[in-house]
Amino acid sequence: MRSIALFGGTFNPVHYGHLHFARACLERFLFEELWLIPACIPPHKVAEDLASERDRLEMLRLGISGESRMRVSDVEYRLGGKSYTIYTLEQLSREEPDGEFTLLIGSDMLLSFDRWFRWEEILQRARLLAAARMERDLPLLQKKRDSFGSLAERVTIAEIPVLPLSSTEIREAIRAGKDCRPLLPDTVADYIREKGLYRKKEVFYDQNRS
Ligand code: ATP
């Protein structure tokens, strides 16, 4: 069996917070590989500042270059539509029959995990690694895990420090014309600049209106 960690998100764009977290998981747990999976966002949900699927995938590829155990998976793009985790896992199990999957999630997500679509089946197909940001969050998370009954043993809770960074902050910095280079790899920053991503949209006024 191949032990594979799955890290999903919008990655709009990928930043050092994501990469630092992914590295920490690879160092601390015995995963052979870690796959980053950008979510497919249906057209009616497109936010003004959401980069295209191709751009988000390309930025991820650039961001992980040199990381020998990280891969980018386009599985959710290929599935299309709303990205339900159970569908992603079913597809990955077909494509990688010897894969032993662990989903990486934030502690806030663990608290609402039992409201995810077909959550019990998710836990049958994958283990869960829930990252707590602070030690004081642990008792609440452990209580939540215990409420999963026999599936609780599929959930590991670990304290993994994170860099306080978000893609939202980066998009806002770019719109404001600030330098975002300290927040993400240079290759990704260059790509954003060359493609003109996340810049403020121009507003056109109709000169002839009375
Ligand atoms: P946005 O600001 O656009 O909401 P984001 O920075 O939170 O984006 P996402 O693409 O939504 O990033 O997150 C992808 C995954 O990375 C999610 O599982 C999320 O919990 C996690 N994540 C986000 N920011 C960090 C961070 N600074 N450190 C560790 N993990 C993070």
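Note that this is a predicted model, so its numbers are computed, not measured. Every number for a ligand or one of its atoms is a count from 1 in the order of the listing.
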Would you mind reporting whether [Y] and [X] have side-chain heavy atoms less than 4.5 Å apart?
X      : Y      : answer
Arg118 : Thr85  : no
Tyr77  : Arg56  : yes
Ile105 : Trp116 : yes

Using heavy atoms and a cut-off under 4.0 Å, could you grab the residues that are in contact with ligand 1, chain by chain, numbers ascending?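 Lining ligand 1 at under 4.0 Å, by heavy atoms, one finds Phe7, Gly8, Gly9, Thr10, Phe11, His15, Gly17, His18, Phe21, Met109, Val162, Leu163, Leu165, Ser166, Ser167, Thr168, Arg171.
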Given the rule in the side-chain hydrogen bond (donor to acceptor under 3.5 Å, both in side chains) test, do Arg94 and Gln91 qualify, once you have shown the distances and angles that lead to the verdict? CA-CA 5 Å; Arg94 278 191 288 270; Gln91 182 63 20; 2.8 Å; yes
Taking the six-membered ring of Tyr84, is NZ or CZ of Lys82 closer than 6.0 Å to its centre and within 45° of its axis? yes
Does atom CZ of Arg115 have more than 12 heavy-atom neighbours from other groups under 6.0 Å away?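 No - once you tally the heavy atoms of other residues, nucleotides and ligands closer than 6.0 Å, there are 12 at most.
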